[in-house]
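See below for the structure under consideration.
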Amino acid sequence: MKSIILYIFLLLPASNLFAEVISLDGHVIDAQTKETLPGAVITIPDLKISAVSDDSGQFTFTNIPQKGRFLIEVRYIGYKTMIQTVDLSAASGLEFALSPSTIETKEVVITGTAFSTDNRKNSTAVSSVTKDQLINRPSGNLVDAIAKVPGVSQVTTGGGISKPVIRGLSYNRVVTLVDGAKQEGQQWGDEHGLEVDQYSAERVEVLRGAASLLYGSDALGGVINVLEPLPSPEGKIQGELLTSYQSNNGLSGSSAMIQGNTDGFVWRARGSYKNAFSYNAPGGRIANTGYNETSLSGQVGFNKKWGYAHLNASSFRNNIGLPDFSRNPDGQFEDENGNVLSNDDLKSRDLFLPFQDIRHYKLAMNSHILFSTGRLRTTLAFQNNQRRELEDSRTNPSLFFDLKTYSSDFKYYFNEKRGWEPVIGLSGSLQNNKNKAEELLIPDYDSRELGLFVYAKKSWESTTFNFGARFDYRNIDGFAMEEDGAPKFNNFSNSFSNVSGALGFTKEFNEHFNFKANLGSAFRSPNIAELSSDGVHEGTFRYEIGNNDLKPENSYYGDLAFEFNNNTVSASIGAFNNYIDNYIFSSQLNNETILVDSETLPVYRFIQENANLSGIEASLTLHPAELIHIENSFSYTRGVNRATKNPLPFIPAGVLRNELRLEPEIKGLKSTYFSLALDNFFKQNRIDLFETKSAGYSLVNLGLGTTFIMGKQPIRMNISANNLFDKAYYDHLSRFKPGRLDETDPLTGYYNQGRNISVGLYLPFK
């Protein structure tokens, strides 16, 4: 932490080393009518600055470098997004002429590439979930909000806990980035979600596919990049208020944010709170599935001629109920004394025992410093993840992990020369985990990680080619411990290293049709639970035993996609194949069981086999008339154990999503829509030996939203109904489905949420 604070002060005098400050102005017009477009948003993502065109279509950037080539993005509702590279040394009086379009297909992305880039020129499969989509989609958490992206699903534990699944891979195989730093918690566990405030995201980019080249170990399945709002334009103060309520579990959520920019000094503050009681499923409420969440975050920093430096701090706390109540013959939940839980008990916002208390504290420093020969991007972060499980007492946890992580990431971008853009990078992390309660599931451990990569991108007029290589090293030391006076773990030290590489290619055949493809290798070192777990705890009904002799997973992957876009149609179809050697999973061998506190539990051991995951993803968006908007998507993943030819466990079912939106122009209102959606989830019969099959089902969802103006204040309102017909169903990846809720009783299960009516309000102000 001291190094981060020192780093801030070192940056301040460095501003004298760089180019003189200049201003950059321009205007935005309609390409057909030449009329000015007020309210257009102009951003330079690599500098993290933005401007808004005034009533005459004019905009101005100040405090920007005198030299350098940067990507500029211009957005205006109802028009094609314009993406253009501008040389600041030669730029003056810029004019952006936007063409009307009912489909906005272009976007700048930063995930899966070393540079901000037009997504059509990005070889990796990246989808963006916008602020509007995050607001309009009722959800219990961030992963729930992005799970409609083709190829993305979620492992759920009730209404409040979700783990992302990308192309059939989850847990430590998916990297989540927040504030530019890799989120570090207990990713190996499936009974808690991401420690991220969903309201803090301005946009979420989801990379589908292996990405070890840029992100190291754990990016075997993909990356979720939670992007913060850009600082306010200079001289402006902005903010937002949002609130929502969901009928199914009484989920109330509110968040307030304010930020400003004074002569390049930027600041932001946000507070968020959510609270829910037990969710309602067809057949009744599921006891102790409520939760509450409190998040505070802030930012201070500088946007100057030498680049930017931002310090982000956040505190996140989540209390989550763990359903551990039996039903009587009438199907009613009872406490340990046999007392029936009343409807008032089930709708209480006070959690019963057992429950989890998860806290995550984070400090992250992000900077982008400009030099004459290139640019240096740096992320330094400290995280403290505390996970408590309270079983018999609200104050004394039975299980308590205290994980501290120090991480750094450095990337140096050399100036473009003849279309070549080379990058070198260095990253590292130190971790220390302590057990602070009597119950032990994993040992105390230290972890050290180092990665070094080189990357280059070559661009022609309609073609791009990128390639790179990376070396990674990771060491994990586990320590001997005792539980109740008996030895529990032995000392062990494991080291893993790997060299991976990647190739990417894009081709724009014309303005509408493009192709992208990737080939490469990736890896993941075993996590601490896979190496050394020994025990059972609340939230799971199995006894897990780790294996110190596990090898790293090695992936050899390839994917490709064809995309077509014009003013009325946007379509894509892609396929992927991912060979994984030494794939790690847990399995019950020879029906092994163990007696724990008079309860017989199945024993699962971590083993390795060679695996193959393959699948297809497709989307089709139609806008045949200004009023009508139709969206369709399909995704399917197939996982096979190459040794036994059996299906891999916990592979999501195929899903076909269809949505019809009507977007009428109503006087006095803006961005009005009415939507009808039908989500079809196919049956999943391809299961491993210890899994249970899942039937197919269809869900009907309705939605409407609009923005109205009170004085000069816009207010966004949305109303939606999910699972309109109160369908009783089990999602295949739900931890509450039969066979997974309690493996000693494969007939016991809890349905997913029933009908849910949601109402939300969003008030942006400036």
Side-chain angles (χ1 to χ4, degrees), residues 109 111-112 119 122 124-129 133 137 139 142-156 162-171 173-174 204-211 220-224 515-518 555 557-564 570-578 580 611-622 630-640 647-659 677-687 694-701 722 729-734 752:
V109 297
T111 308
N119 203 14
N122 182 18
T124 55
V126 177
S127 297
S128 291
V129 181
Q133 291 171 322
R137 295 175 181 173
S139 57
L142 183 66
V143 176
D144 191 24
I146 66 175
K148 288 189 176 183
V149 172
V152 179
S153 47
Q154 53 182 326
V155 175
T156 61
S162 297
K163 304 284 281 192
V165 181
I166 301 179
R167 292 180 173 177
L169 298 175
S170 186
Y171 305 103
R173 299 182 179 100
V174 173
V204 180
E205 293 182 355
V206 182
L207 185 157
R208 306 185 304 278
L220 205 68
V223 177
I224 295 174
F515 168 78
K516 55 178 64 178
N518 298 277
S555 163
Y557 65 89
D559 61 38
L560 55 85
F562 293 91
E563 300 175 341
F564 177 82
S570 175
S572 69
I573 183 167
F576 67 90
N577 196 81
N578 194 354
I580 303 178
N612 183 48
L613 292 102
S614 58
I616 58 175
E617 298 156 358
S619 65
L620 175 64
T621 300
L622 302 174
I630 303 171
E631 288 190 13
N632 308 272
S633 68
F634 173 75
S635 58
Y636 173 76
T637 300
R638 177 186 175 94
V640 177
L648 291 179
F650 308 132
I651 299 298
V655 58
L656 173 65
R657 299 183 186 272
N658 311 274
E659 182 179 10
L678 177 64
D679 294 340
N680 302 288
F681 293 82
F682 298 93
K683 62 184 179 181
Q684 181 57 290
N685 293 332
R686 291 184 50 79
I687 57 173
S694 299
Y697 57 92
S698 297
L699 303 178
V700 176
N701 308 311
N722 281 7
Y729 71 96
Y730 296 110
D731 183 271
H732 185 66
L733 296 184
S734 170
N752 285 73

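Scope of the values below: all heavy atoms of this structure, side chains included, with no hydrogens, waters or symmetry mates.
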Does Asn578 form a side chain to side chain donor-acceptor pair (under 3.5 Å) with Ser555? I'd like the steps, not just the answer.
CA-CA 6 Å; Asn578 194 354; Ser555 163; 2.5 Å; yes
Compare every heavy atom of Asn701 with every heavy atom of Asn722, then report the nearest pair and how far apart it is.
CA-OD1, 3.2 Å
Are the side chains of Thr637 and Ile616 in contact, using a 4.5 Å heavy-atom criterion?
no
Which pairs, with at least one residue in residues 648-657 and sequence neighbours excluded, count as a salt bridge (charged side-chain N to carboxylate O under 4.0 Å, His left out)?
Arg657-Asp679
Which residues satisfy the side chain to side chain donor-acceptor pair (under 3.5 Å) test with Ser170, sequence neighbours excluded?
none
Side-chain heavy atoms of Asp731 within contact of Tyr697, under 4.5 Å
yes
Should Thr124 and Asn518 count as side-chain neighbours, where that means a heavy-atom distance under 4.5 Å?
yes
Rounded at 0.5 Å granularity, tell me how far CD1 in Ile687 sits from OG in Ser694.
8.0 Å
Kindly determine whether Ser619 and Ser572 satisfy side chain to side chain donor-acceptor pair (under 3.5 Å), including the steps that lead there.
CA-CA 5 Å; Ser619 65; Ser572 69; 2.8 Å; yes
Check the surroundings of atom CZ in Arg638: do more than 12 heavy atoms from other residues, nucleotides or ligands lie under 6.0 Å from it?
no
Results of salt bridge (charged side-chain N to carboxylate O under 4.0 Å, His left out) for Glu631 - residues two or more places apart only:
none
According to side-chain contact (heavy atoms from CB on, under 4.5 Å), who are the partners of Leu622, at least two apart in sequence or on a separate chain?
Val569, Leu620, Pro624, Ile630
Going by ring-ring contact (aromatic ring centres under 6.0 Å, His included), name the residues that satisfy it together with Phe634, two or more places apart in sequence or in a different chain.
none
Do Phe515 and Leu560 come close enough that some side-chain heavy atom pair is under 4.5 Å?
yes
Within-4.5 Å side-chain heavy-atom neighbours: Leu220 and Ile580:
yes
Are Phe682 and Leu656 packed together at the side-chain level, in the sense that at least one heavy-atom pair is separated by less than 4.5 angstrom?
yes
Is any side-chain heavy atom of Lys516 closer than 4.5 Å to one of Asn119?
yes
Under-4.0 Å salt bridge between Asp559 and Arg167
yes
Rounded to the nearest 0.5 Å, what separates atom CG in Asn680 from atom CG in Leu678?
4.0 Å
Side chains of Arg208 and Ser127: does their closest heavy-atom pair fall under 4.5 Å?
yes
Sequence neighbours excluded, which residues qualify as side-chain contact (heavy atoms from CB on, under 4.5 Å) partners of Ala211?
Leu207, Tyr215, Ala219, Val223
